[in-house]
Amino acid sequence: MKQRIEVTGAVRENDRMIFQAQPFEESDLAGLAAMGQVLADSDQLSFIYILDHQEEFIYANLPSKIWPELKETLDSSMPAYLAVNGLTIELKDLHDELSALLENIKGNANYGEEMERKAVETFGLED
């Protein structure tokens, strides 16, 4: 199982959204890099942003409780950042990746009924 950074909240600061994470057990996150890829985790009702760290991947878990802030980020096209263990990393390509994923989730039973319903409801997806 991949290591996960758990995002617990978000704050808008100077026209950017900063997603705040719980402290991560890996003390040295130097070299942590945004991969520009987003996946859906239907079981956890979350989106996963993939980060690269010393030749392994770490997942940044974006649970449904912070989706309203994700929607605000998309709607306003503001840059998104992850704050973890004192580092702040831009989540590059988040807008394009998440928009494409949401378009795929809409009306697609493969993601599960609850994931589809929650995404449509939160992000205002229309058929």
Side-chain angles (χ1 to χ4, degrees):
M1 184 168 179
K2 297 281 183 211
Q3 295 187 78
R4 284 186 184 230
I5 292 172
E6 296 296 330
V7 173
T8 56
V11 62
R12 186 176 183 153
E13 184 180 288
N14 300 325
D15 292 324
R16 64 184 191 160
M17 188 68 73
I18 300 176
F19 292 95
Q20 300 164 322
Q22 292 177 343
F24 188 62
E25 71 245 14
E26 182 77 39
S27 59
D28 181 17
L29 288 176
L32 190 65
M35 294 296 296
Q37 293 179 298
V38 180
L39 306 172
D41 183 341
S42 301
D43 294 336
Q44 300 294 319
L45 276 184
S46 64
F47 294 112
I48 303 295
Y49 188 95
I50 302 174
L51 301 160
D52 185 25
H53 183 249
Q54 300 176 358
E55 299 182 21
E56 69 176 351
F57 295 120
I58 297 176
Y59 291 167
N61 191 43
L62 304 166
S64 60
K65 72 179 182 179
I66 58 104
W67 288 4
E69 289 84 356
L70 268 178
K71 179 178 181 355
E72 182 182 347
T73 303
L74 287 178
D75 290 349
S76 64
S77 298
M78 75 176 82
Y81 291 81
L82 173 68
V84 59
N85 291 16
L87 295 174
T88 304
I89 301 152
E90 184 173 7
L91 299 178
K92 66 178 186 175
D93 299 327
L94 176 70
H95 299 85
D96 292 342
E97 284 286 311
L98 186 56
S99 294
L101 185 56
L102 287 168
E103 197 57 39
N104 198 31
I105 288 172
K106 182 176 66 178
N108 189 338
N110 290 335
Y111 290 94
E113 189 176 303
E114 181 67 8
M115 181 77 170
E116 181 192 3
R117 184 193 63 73
K118 186 76 173 170
V120 167
E121 176 185 288
T122 304
F123 291 92
L125 307 176
E126 299 175 11
D127 286 333

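- Of all the heavy atoms in I58 and H53, the pair that sits closest is CD1-CB, 3.7 Å.
- Shown here are the side chain to side chain donor-acceptor pair (under 3.5 Å) partners of E103, two or more places apart in sequence or in another chain: K106.
- Using a cut-off of 4.0 Å between Lys/Arg side-chain N and Asp/Glu carboxylate O, R117 and E121 are scored as salt-bridged.
- The two residues E90 and P79 have their closest heavy-atom pair at OE2-CB, 3.9 Å.
- The CD atom of E69 sits 6.0 Å away from atom CE of M17, with the distance rounded to the nearest 0.5 Å.
- Note on I18: it does not cluster hydrophobically with L91, by side-chain heavy-atom contacts below 4.5 Å among ILVMFWY residues.
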Side chains of residues 8-15: which donor-acceptor partners sit under 3.5 Å, not counting sequence neighbours?
unit_1 : atom_1 : unit_2 : atom_2 : d
T8     : OG1    : Q20    : O      : 3.4
R12    : NH1    : E72    : OE2    : 2.6

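- Following chains of ILVMFWY side-chain contacts shorter than 4.5 Å, one cannot reach Y81 starting from L29, and the two form parts of different hydrophobic clusters.
- D96 meets the side chain to side chain donor-acceptor pair (under 3.5 Å) test with no other residue; sequence neighbours excluded.
- Partners of T122 by side-chain contact (heavy atoms from CB on, under 4.5 Å), not counting sequence neighbours, listed by chain and number: W67, P68, K118.
- The shortest side-chain heavy-atom distance between N85 and L32 does not fall under the 4.5 Å cut-off.
- M35 is not connected to I89 by any chain of hydrophobic side-chain contacts under 4.5 Å among Ile, Leu, Val, Met, Phe, Trp and Tyr, and they are in different clusters.
- We find the CG-CD distance between L102 and E116 to be 11.5 Å, quoted to the nearest 0.5 Å.
- When all heavy atoms are compared, the tightest approach of S99 to H95 is OG-O, 2.8 Å.
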Donor-acceptor pairs under 3.5 angstrom involving side-chain atoms of residues 36-49: please list them, not counting sequence neighbours.
unit_1 : atom_1 : unit_2 : atom_2 : d
D41    : OD1    : D43    : N      : 3.2
D41    : OD1    : Q44    : N      : 3.1
D41    : OD2    : R4     : NH1    : 3.3
D41    : OD2    : R4     : NH2    : 2.6
S42    : OG     : Y111   : O      : 2.6
S46    : OG     : N61    : OD1    : 2.7
Y49    : OH     : G36    : N      : 2.9
Y49    : OH     : K92    : N      : 3.2
Y49    : OH     : K92    : O      : 2.6

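- Y59 is linked by a ring-ring contact (aromatic ring centres under 6.0 Å, His included) to nothing, counting only residues two or more places apart in sequence or in another chain.
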| request: Mind running side-chain contact (heavy atoms from CB on, under 4.5 Å) on L70 and L94 for me, showing each step along the way? | output: CA-CA 9 Å; L70 268 178; L94 176 70; 3.9 Å; yes
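- Put simply, L98 and I50 are part of two different groups of oily side chains (I, L, V, M, F, W, Y) that touch within less than 4.5 Å, one to the next.
- Residues F24 and L87 share a hydrophobic cluster, clusters being chains of Ile/Leu/Val/Met/Phe/Trp/Tyr side chains in contact below 4.5 Å.
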